[in-house]
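Step one of this worksheet: look at the structure below.
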Number of protein chains: 2
Amino acid sequence: MNVETNAALRNTKQRTAVSAVLAEADCFYSAQELHAMLRERGERVGLTTVYRTLQGLADAGEIDVMRPPGGEHLYRRCGQGHHHHLVCRDCGRAVEVEGPAVESWAERVAAQHGFKDVSHTMEIFGTCPECATKPPTTAP
Amino acid sequence: MNVETNAALRNTKQRTAVSAVLAEADCFYSAQELHAMLRERGERVGLTTVYRTLQGLADAGEIDVMRPPGGEHLYRRCGQGHHHHLVCRDCGRAVEVEGPAVESWAERVAAQHGFKDVSHTMEIFGTCPECATKPPTTAP
DNA sequence: GTAAGTGCAAACGGTTTGCAGCCTC
DNA sequence: GAGGCTGCAAACCGTTTGCACTTAC
């Protein structure tokens with residue numbers, strides 16, 4: 001599958017850099033974190049561009065957005081299909097999980113109440129095995 | 001079960017007013033909306049107090065907080081048990097729904113990956129029957 | 001009388017936008 | 001060469017905090 005999805009998205013250095021960072025990421029990052037990572041790599045990308053690129057990618061469905069308590073949005077490159085996330089609240093590692101039962105339950109419940117055009121959001125938070133064994137380090 | 005849960009919560013006019021508005025609400029309201037409703041009633045309550053009261057109530061488990069796309073928190077008085085919400089994205093009406101299957105699925109998935117201390121969030125969005133028949137009025 | 005609660009205003013943090021210049025197509 | 005893309009700074013919005021005053025207990 002190629003990237004021909006976008007109609008008029010130009011291939012700029014900044015856009016490539018953002019995509020590259022996301023491609024290597026295995027957990028959720030905030031826009032500001034991504035911006036910092038970019039600058040550490042020596043890429044000269046403005047925070048504004050990071051936001052705009054992220055919005056574009058999210059709009060194109062290439063990345064997933066999460067809105068955890070705290071106010072900042074977290075972004076991650078994701079598989080194409082619909083899925084949910086199991087996120088470690090200590091280290092931020094995220095596992096993609098599928099739950100057909102949840103999908104069908106949500107639609108069934110919505111249908112029972114006569115709701116149309118149904119969508120849903122679900123996130124599971126927990127402490128991953130590695131962080132559970134370590135002393136509970138809450139962001140040193 | 002009574003409301004003796006709070007150690008040192010005083011009964012002030014403002015706290016009562018906020019609780020009263022929430023008691024009549026059947027859908028989610030933002031802190032600012034609640035503040036506006038309070039002022040329309042003639043109650044002299046500061047926005048700060050609304051926020052603080054809301055935090056206290058949420059902390060005591062008496063109300064439920066939702067964080068929809070848009071950045072503002074929505075509050076609603078809720079039943080005690082764990083449940084989820086089916087929210088109309090047009091009129092804001094919210095229905096409390098229970099999903100034991102979802103609860104067990106979330107815990108099972110988390111356990112499969114070795115995650116401990118698991119919690120989860122889930123919201124279902126859709127268009128309720130009344131709003132579906134009406135022309136799509138986005139906030140009258 | 002004392003400590004919690006309140007309210008104003010200012011600070012705060014993340015996000016968005018206006019606009020001039022740059023760069024891709 | 002034209003239009004999108006970038007980046008700086010400032011605006012924006014909801015939320016939180018400092019501090020002095022008020023109030024419930």
Side-chain angles (χ1 to χ4, degrees), chain A residues 2-22 28-60 62-76 92 139, chain B residues 3-22 28-39 41-60 62-76 92 139:
Chain A
N2 46 27
V3 207
E4 298 280 336
T5 325
N6 312 321
L9 275 194
R10 293 183 177 174
N11 270 334
T12 65
K13 182 160 52 72
Q14 292 86 342
R15 207 170 296 248
T16 306
V18 173
S19 295
V21 175
L22 283 170
F28 280 87
Y29 289 113
S30 69
Q32 318 240 7
E33 283 173 328
L34 288 168
H35 179 229
M37 292 158 71
L38 249 15
R39 301 201 74 176
E40 281 187 9
R41 289 180 170 212
E43 307 278 359
R44 313 287 276 107
V45 183
L47 182 56
T48 310
T49 303
V50 175
Y51 275 108
R52 277 195 271 235
T53 304
L54 252 21
Q55 284 181 346
L57 290 172
D59 205 50
E62 292 187 34
I63 61 175
D64 216 69
V65 190
M66 191 173 52
R67 221 176 326 277
E72 55 182 358
H73 300 179
L74 301 184
Y75 303 87
R76 188 198 187 211
Chain B
V3 206
E4 298 280 335
T5 325
N6 313 320
L9 275 195
R10 292 182 180 175
N11 269 336
T12 66
K13 182 161 50 73
Q14 293 84 345
R15 205 171 298 247
T16 306
V18 173
S19 295
V21 175
L22 283 170
F28 281 87
Y29 290 112
S30 69
Q32 319 239 5
E33 282 173 328
L34 289 168
H35 179 230
M37 293 158 70
L38 250 13
R39 301 202 73 176
R41 290 180 171 213
E43 307 279 0
R44 315 287 275 105
V45 183
L47 182 56
T48 311
T49 302
V50 175
Y51 275 110
R52 276 195 272 235
T53 305
L54 252 21
Q55 284 181 346
L57 290 172
D59 206 50
E62 292 186 34
I63 61 175
D64 216 69
V65 190
M66 192 172 51
R67 221 178 324 280
E72 57 182 358
H73 301 178
L74 301 184
Y75 303 88
R76 188 197 187 212

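Computation of the quantities below employed the complete heavy-atom set of this structure, encompassing side-chain atoms and omitting hydrogens, waters and symmetry-equivalent molecules. Labels below follow one simple rule: chain letters A, B, ... track the order of the sequence lines, proteins then strands, and each chain is numbered from 1. Nothing here was measured: the structure is a model prediction, and the numbers come from that model.
- Remark: A:Thr49 is in phosphate contact with D:dG7, judged by side-chain N or O atoms under 4.0 Å from OP1 or OP2.
- Taking atom CZ on B:Arg52 and atom P on D:dT15, their separation rounds to 14 Å, with Å as the unit.
- Rounded to whole angstrom, the span from the CG atom of A:Leu54 across to the C1' atom of D:dT6 amounts to 15 Å.
- Between the side chain of A:Glu33 and the main chain of A:Ser30, a donor-acceptor pair closer than 3.5 Å is present.
- A donor-acceptor contact under 3.5 Å is not formed by the side chain of A:Arg15 with the base of D:dG4.
- Nucleotide C:dG14 holds its P atom 6 Å from the CD atom of A:Glu72, rounded to whole Å.
- Proximity of a side-chain donor or acceptor of A:Ser19 to a complementary backbone N or O of A:Arg15 within less than 3.5 Å is detected.
- Residues A:Val45 and A:Leu34 fail the side-chain proximity criterion, which asks for heavy atoms closer than 4.5 Å.
- Between B:Val65 and B:Leu74 there is no side-chain heavy-atom pair separated by less than 4.5 Å.
- In this structure, CZ of A:Arg44 is placed 13 Å from P of C:dC23, rounded to the nearest angstrom.
- Taking side-chain N and O atoms only, A:Gln55 has a distance below 4.0 Å to OP1 or OP2 of C:dT16.
- Rounded to an integer number of Å, the gap from CG of B:Asp59 to P of D:dT16 is 12 Å.
- On a pure distance criterion of 3.5 Å, a polar donor-acceptor pair joins the side chain of B:Thr48 and the base of C:dC8.
- Of the two residues near DNA chain D, B:Asn11 and B:Ala31, the one whose nearest nucleotide lies more 5' is B:Ala31.
- Mapping B:Lys13 and B:Tyr51 onto DNA chain D by nearest heavy atom places B:Tyr51 at the nucleotide closer to the 5' end.
- As rounded to whole Å, 12 Å separates atom C1' of D:dG14 from atom CG of B:Leu74.
- Distance B:Gln14 CD to D:dA24 C1': 11 Å, rounded to the nearest Å.
- C:dG1 atom C1' lies 11 Å from atom CZ of B:Arg10, rounded to whole Å.
- Between B:Ser30 and D:dG14, a side-chain N or O to OP1/OP2 separation shorter than 4.0 Å is absent.
- Heavy-atom contacts from other residues, nucleotides or ligands closer than 6.0 Å to CZ of A:Arg39 number 12 or fewer.
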